[in-house]
Amino acid sequence: MINLSLIHVSYLVLIVIFLVVMACKKSIVIPCALGIVLLGAIVTRSPIGAIQTLFNALVWAGSEFLGIIVVIALVVAMSRSLISIGADRMLIFSLKNRMGGPRSAFFILGFVMFIVSICVWPSPAVALVGTLLLPMAVRTGMPVLWAAVVMNIFGHGMALSGDFFIQGAPTITAKAAGTDVGTMMSQSVPLWAIMCVVTAAAAFLCYCRDMRSSPVQTVDMDAVQMKAVGRFAPLMAVLTPIIYLGNIAAMLVFKLQGGDATALVGGSALLLLVLCACLDKGVSHALDDVGDYLKEGFGFSIKIFAPVIVIGGFFFLGGEGGSQAVFGSQMTGILSDIGRYIAENVPVNRFSAIVTQAAVAVITGLDGSGFSGLPIVGATAKTFADALPLNKEVLASMGQIITIWVGGGTLIPWAVVPVAAICDVSPAELVRKNFVPVMCGLVSVAIATFFLL
């Protein structure tokens with residue numbers, strides 16, 4: 001028989017407070033930090049111990065995220081080196097005569113955005129694809145606003161919500177849910193595929209309807225010129241996709257998942273970075289340039305993960321591994337205890353679990369980052385799985401997909417600013433166009449989850 005103590009009640013109250021703060025469109029970094037201090041004070045019964053708990057929780061969370069922080073930094077640094085040599089422009093401009101009409105441009109622009117985003121993340125992909133492919137897509141007759149919708153849905157929606165290559169999102173969610181990344185990703189594929197297909201189909205239907213009723217928008221193509229490229233740009237433009245395709249093949253053949261797959265991607269990115277820098281200006285300049293690229297890459301990565309580490313520090317304390325690492329081996333999992341208590345005393349079912357998880361995912365996505373909510377939806381899935389015979393990977397996957405699509409983002413105005421800026425459209429208008437297709441996908445995912453649990 002499980003009895004809830006002060007720390008369990010405090011943990012639940014703090015989560016409710018966090019959700020209220022996020023519903024008010026505010027960051028929960030400060031509340032999470034104070035929450036860690038409160039939990040530390042309850043367990044250690046010492047003000048000094050409470051302060052030490054804050055630091056120890058962040059160090060432990062940082063160590064859990066370190067691998068993915070490094071690989072994202074290396075991939076971004078590599079992309080910067082490709083941009084400097086001009087290989088990025090050769091890769092994208094190879095598609096300039098294949099756009100066809102406005103309908104084919106919808107899928108070509110989306111496909112390229114998806115591929116680039118899943119390899120180097122959506123933020124760097126927006127600048128690359130938007131600068132080089134956007135004018136070509138608009139030249140076919142595609143409205144600028146719809147080009148922004150396509151880039152947003154295929155990049156910050158499809159690519160980021162799956163994140164199967166870099167594996168940042170599933171790593172965070174899986175750790176909070178108490179499962180391994182490989183299982184998490186394999187269980188997420190059906191829901192992710194449903195979300196992508198339904199959303200893309202709905203968006204294309206809306207696009208075709210608007211094309212029949214709206215005048216065609218154009219851009220000045222003279223403003224977009226093929227800049228000079230380096231002597232070795234063609235080599236890097238060919239070698240980079242070959243290396244990444246080789247990575248994917250190796251993952252499939254040798255069944256590399258989680259940390260092993262991440263290590264392969266990160267190591268390949270660093271080697272490509274060094275090679276590109278050496279070919280660009282020679283070994284002498286590369287000795288300095290590689291360091292500069294790495295500073296850019298780690299600056300980008302830390303900017304993304306700095307708040308996630310604080311938020312994850314709190315929610316990881318709810319798991320047995322995190323609480324024992326910070327407080328000692330005598331601790332049990334706070335969330336596991338709460339889940340068993342719910343199972344013994346509160347009537348819950350699959351429907352209530354899905355509705356609650358979906359609500360939590362939407363609320364946590366309101367901050368516009370998408371990633372800060374992943375520890376919460378992972379922990380929520382673990383809590384319900386401890387209370388009911390549910391597939392926690394499926395429930396966690398649903399939460400991951402919803403919170404990233406909402407806040408990562410396609411439905412939050414301040415989350416779509418990068419795409420809106422590169423396309424010179426209103427963020428509010430972009431969200432309005434995204435709303436119907438994305439909601440169709442989210443509802444479909446919720447329904448599918450009910451049958452997959």
Side-chain angles (χ1 to χ4, degrees), residues 61-75 114 117-123 155-196 244 247-248 251-252 255-266 301 304-305 308-309 311-312 315-316 319 321-322 357 360-361 364-365 369-382 385 390-409 441 445 448-449 452-453:
S63 67
E64 291 292 296
F65 292 139
L66 181 60
I68 202 63
I69 290 173
V70 172
V71 75
I72 290 172
L74 295 176
V75 169
F114 173 80
S117 296
I118 207 165
C119 290
V120 301
W121 267 34
S123 296
H156 291 84
M158 294 183 186
L160 193 59
S161 65
D163 200 10
F164 297 113
F165 193 62
I166 296 178
Q167 301 179 7
T171 296
I172 298 172
T173 310
K175 288 183 182 298
T179 186
D180 63 275
V181 182
T183 303
M184 177 77 194
M185 290 195 299
S186 63
Q187 293 289 325
S188 71
V189 170
L191 293 179
W192 175 81
I194 290 170
M195 181 71 200
C196 293
Y244 273 122
N247 281 185
I248 295 172
M251 291 177 194
L252 296 175
K255 302 186 186 303
L256 302 178
Q257 294 179 336
D260 293 335
T262 300
L264 180 63
V265 173
S301 187
I304 295 291
F305 275 89
V308 175
I309 288 174
I311 295 168
F315 284 95
F316 287 170
Q357 177 76 320
V360 168
T364 54
S369 73
F371 271 51
S372 62
L374 297 182
I376 304 177
V377 296
T380 303
K382 185 177 188 304
L390 300 177
N391 186 324
K392 66 180 178 183
E393 287 83 10
V394 170
L395 193 59
S397 298
M398 184 196 77
Q400 173 182 304
I401 290 169
I402 292 176
T403 195
I404 288 182
W405 274 87
V406 171
V445 165
T449 301
L452 292 175
L453 279 181

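A donor-acceptor pair under 3.5 Å links the side-chain atoms of Lys392 to the main chain of Ala177, judged by distance alone. Remark: side-chain polar atoms of Lys175 are not paired, donor with acceptor, to backbone N or O of Gly378 under 3.5 angstrom. Side-chain atoms of Ser161 come within 3.5 Å of backbone N or O of Gly157 as a donor-acceptor pair. Judged by distance alone, the side chain of Ser188 and the main-chain N or O of Ser397 form no donor-acceptor pair under 3.5 Å. A distance-only check finds a donor-acceptor pair linking the side chain of Gln357 to the backbone of Val377 [under 3.5 Å]. Using modelled atom types, one side-chain atom of Thr403 and one backbone atom of Ala361 make a donor-acceptor pair closer than 3.5 Å. Of the possible polar contacts, none joining the Gln400 side chain to the Leu374 backbone as a donor-acceptor pair under 3.5 Å is found.
For the residue pair Ala176 and Pro375, the shortest heavy atom distance occurs at CB-O, 3.3 Å. A pairwise comparison of heavy atoms in Leu395 and Ala381 identifies CD2-CA, 3.9 Å as the closest pair.
One distance of note links CD1 of Ile194 with CD1 of Ile401; it measures 8.5 Å at 0.5 Å rounding. Taking OG1 of Thr173 as the reference point, atom CD1 of Ile376 lies at 11.0 Å (rounded to 0.5 Å). Atoms CH2 and CE, on Trp405 and Met158 in that order, are 5.0 Å from each other to the nearest 0.5 Å. Note: Asp163 CG to Thr171 OG1 = 7.5 Å, rounded to the nearest 0.5 Å. In this structure, the separation between CG on Leu264 and CG on Asn247 is 4.0 Å, given to the nearest 0.5 Å. Here the CG atom belonging to Leu453 is positioned 6.5 Å from the CG atom belonging to Asn391, to the nearest 0.5 angstrom.
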**Request:** Evaluate the side chain to side chain contact (heavy atoms under 4.5 Å, CB included) criterion for residues Val360 and Ile402: first the C-alpha distance (whole Å), next the side-chain angles of each, then the deciding distance (0.1 Å), finally the verdict.
**Result:** CA-CA 9 Å; Val360 168; Ile402 292 176; over 6 Å; no
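A donor atom on one side chain and an acceptor atom on the other are not found under 3.5 Å apart for Thr183 and Glu393.
Sequence neighbours left out, the pairs with a member in residues 158-179 that pass ring pair (Phe, Tyr, Trp, His ring centres under 6.0 Å) are Phe164-Trp192, Phe165-Tyr244.
Residues Val181 and Met185 have side chains in contact (heavy-atom distance under 4.5 Å, counting atoms from C-beta outward).
Among residues two or more places apart in sequence or in another chain, the ring pair (Phe, Tyr, Trp, His ring centres under 6.0 Å) test is passed with Phe316 by Trp60, Phe65. Val70 pairs by the side chain to side chain contact (heavy atoms under 4.5 Å, CB included) definition with Leu66, Leu74, Phe298, not counting sequence neighbours.
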